Protein chains: 2
Amino acid sequence: MLTKKQLIEFCSDARKNYLDHVSIDCVVFGFHEGQMKVLLLRPHDETKWLLPGGFVMRQEPIEMAANRILKERTGLDKIFLQQFFVFGDPDRAKFHHDLYKEMLPDDENWFSNRFLSIGYYALVDFFGVVPQPDQFSATCTWRDLDDMPEFLLDHEQIFKGALDALRLQLNYQPIGYNLMPKQFTMPELQKLYESILGKKLDRRNFQRRILGFGILNRAEQPRKGGAHKAPYLYSFDLEKYQNALTEGFKGGW
Amino acid sequence: MLTKKQLIEFCSDARKNYLDHVSIDCVVFGFHEGQMKVLLLRPHDETKWLLPGGFVMRQEPIEMAANRILKERTGLDKIFLQQFFVFGDPDRAKFHHDLYKEMLPDDENWFSNRFLSIGYYALVDFFGVVPQPDQFSATCTWRDLDDMPEFLLDHEQIFKGALDALRLQLNYQPIGYNLMPKQFTMPELQKLYESILGKKLDRRNFQRRILGFGILNRAEQPRKGGAHKAPYLYSFDLEKYQNALTEGFKGGW
DNA sequence: GCAAAAGTGTTCATGGTACACCCATGG
DNA sequence: CCATGGGTGTACCATGAACACTTTTGC
């Protein structure tokens, strides 16, 4: 738990450095052991959870702010980020305010401000992340996508918005470069899609469809050592992948 | 042109009533005579143009703010609005600041603030709109989509972002209820699509595709009076239309 | 009766869905 | 030697693209 002194210092720094009324919340997706994961924070003395978030410095582009915030939580740089919605309900963020209103009068309490929150989702390499709680949190850790805990504030809504946006992206853009290791097998990539979509896909049709995108290179050597038939290893063709990202796949019209 | 007195009054009101650092810009689409149009403003003593925009009141939901702003520019209520992006470059809005910096010192000039702008696009009934300039503008008028003028600030970028978002929407949602009159012919609806996409479509395939969406009702009586064969009149089946809006069409996966 | 607009139909290629079949490996 | 995982192939259907034909109407 924060001391009053720490809180006062944070609020005075915040007022100096950050834009009023604007915050950023990020839904960070990682992939591990066939499961999509989301990076969450649990505040001190709380059972419910929050998304990693923060504020925008006075002369900082918002995308850079999102990157800075995530660098603090994950240790990662140059994260794949996608802005997807602004949550602008005036009553959306009473949590921190309520939590600290005993300690500070409203006019000194940064959290008594109204905040619009810009929602980003991020796709990151699970193994590259070293989860790091912020000063308000006791824990920062991965949670399974299909086993989300209860959220504080409107963060469930933000999480769901991010998942919807990610699912939409599957329809017209490639996904996976930021989530998978350098090399992977087709069944592993399929697990990624299944985990995002929350449903099983046909093995053979998946393979044809993905290969049809023309963004994968097959390695010469199949993976060895496992039981059963050795699967081929694939990697993303970065140039074609980037091109597909900007061009998009098939647009109905 | 604004007098110094008016400007001072605006700035002091703005500081009292609006959130710092947040603005809203809207790309308003209308359809008339086979052409998509966009509602634009031209400031006093300027040749370049701006999108209709404004600020968010301290206790106002952002969607309500966008509605209020558009009500002032168009006279319309309950507009179809879609949030599509936040423009957050710290240097994005120097125009008004430069324009008025001779009149007011920075600390009294509302426009010396940095503003993030939340981009909305709107689909409206062309005939329902009574364009109304704001106090900074000499003109508020429709401009053809395929003949856009030069913009001030980053408003060209915002306009292009909106058009891209609208084109994307065509792929998975119905469009037209907010833009077309109650009744219309198939060729008229096709013109709408062609104008948005900026390309010709095949008459017959268009018809089958649109009808396949199952959101149109055909009137018993065809339109009379014109030259050539009388076309059928259609109207949107509002219930099915709304359902298609929320459900979306075919999602790739 | 001809040009233009509009409704209806047909063909063909493509892409998705649901399968069947074959290969490799460890127990 | 067989269960399991993994690679490849096929039949079928829906959908989209390209194009032909017919109907109506004013000049």
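If you're wondering where the values come from, they're calculated on a predicted model, not measured in any experiment.
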| field | Between C/dT14 (C1') and A/Arg208 (CZ): distance, integer Å | value | 11 Å
| message | Show me the pairs that pass side-chain hydrogen bond (donor to acceptor under 3.5 Å, both in side chains) and involve residues 240-249 of chain B, at least two apart or across chains. | response | none
| field | Residue pairs passing the salt bridge (Lys or Arg N to Asp or Glu O under 4.0 Å) test where at least one lies in residues 62-73 of chain B, sequence neighbours excluded | value | B/Glu60-B/Arg68, B/Arg68-B/Glu72, B/Lys71-B/Asp77
| note | Rounded to whole Å, CZ of A/Phe184 lies from P of D/dG6 at a distance of 15 Å
| Could you give the CD1-to-C1' distance, from B/Ile210 to D/dT15, as a whole number of Å? | 15 Å
| field | Spacing of B/Lys200 atom NZ relative to D/dA18 atom P, expressed in whole Å | value | 16 Å
| note | Rounded to whole Å, the CG-C1' distance (B/Asn171 to D/dT15) equals 15 Å
| query | Expressed in angstrom and rounded to an integer, what is the separation of A/Asp202 atom CG from D/dG7 atom P? | reply | 13 Å
| Separation of B/Asn205 atom CG from D/dA14 atom P, in whole Å? | 18 Å
| Got a sec, which residues hit side chain to side chain donor-acceptor pair (under 3.5 Å) with B/Lys191, two or more places apart in sequence or on another chain? | none
Produce the list of close N/O pairs, under 3.5 Å, pairing protein atoms with atoms of nucleotides 3-8 of chain C; give distances to one decimal.
residue: C/dA4; atom: N3; partner: B/His228; partner atom: ND1; Å: 3.4
residue: C/dG7; atom: OP1; partner: B/Tyr232; partner atom: N; Å: 3.0
residue: C/dG7; atom: OP2; partner: B/Gln207; partner atom: NE2; Å: 3.4
residue: C/dG7; atom: N7; partner: B/Arg203; partner atom: NH1; Å: 2.8
residue: C/dG7; atom: O6; partner: B/Arg203; partner atom: NH2; Å: 2.9

| Once you round it to whole Å, what is the distance between P of D/dG16 and CG of B/Leu170? | 14 Å
| request: Just grab all the salt bridge (Lys or Arg N to Asp or Glu O under 4.0 Å) pairs involving residues 159-170 of chain B, residues at least two apart or on different chains. | output: B/Glu156-B/Lys160
| field | Set of side chain to side chain donor-acceptor pair (under 3.5 Å) partners for B/Gln83, sequence neighbours left out | value | none
| request: Tell me, yes or no, whether the heavy-atom count around B/Met64 atom CE, taken from other residues, nucleotides or ligands under 6.0 Å, exceeds 12. | output: no
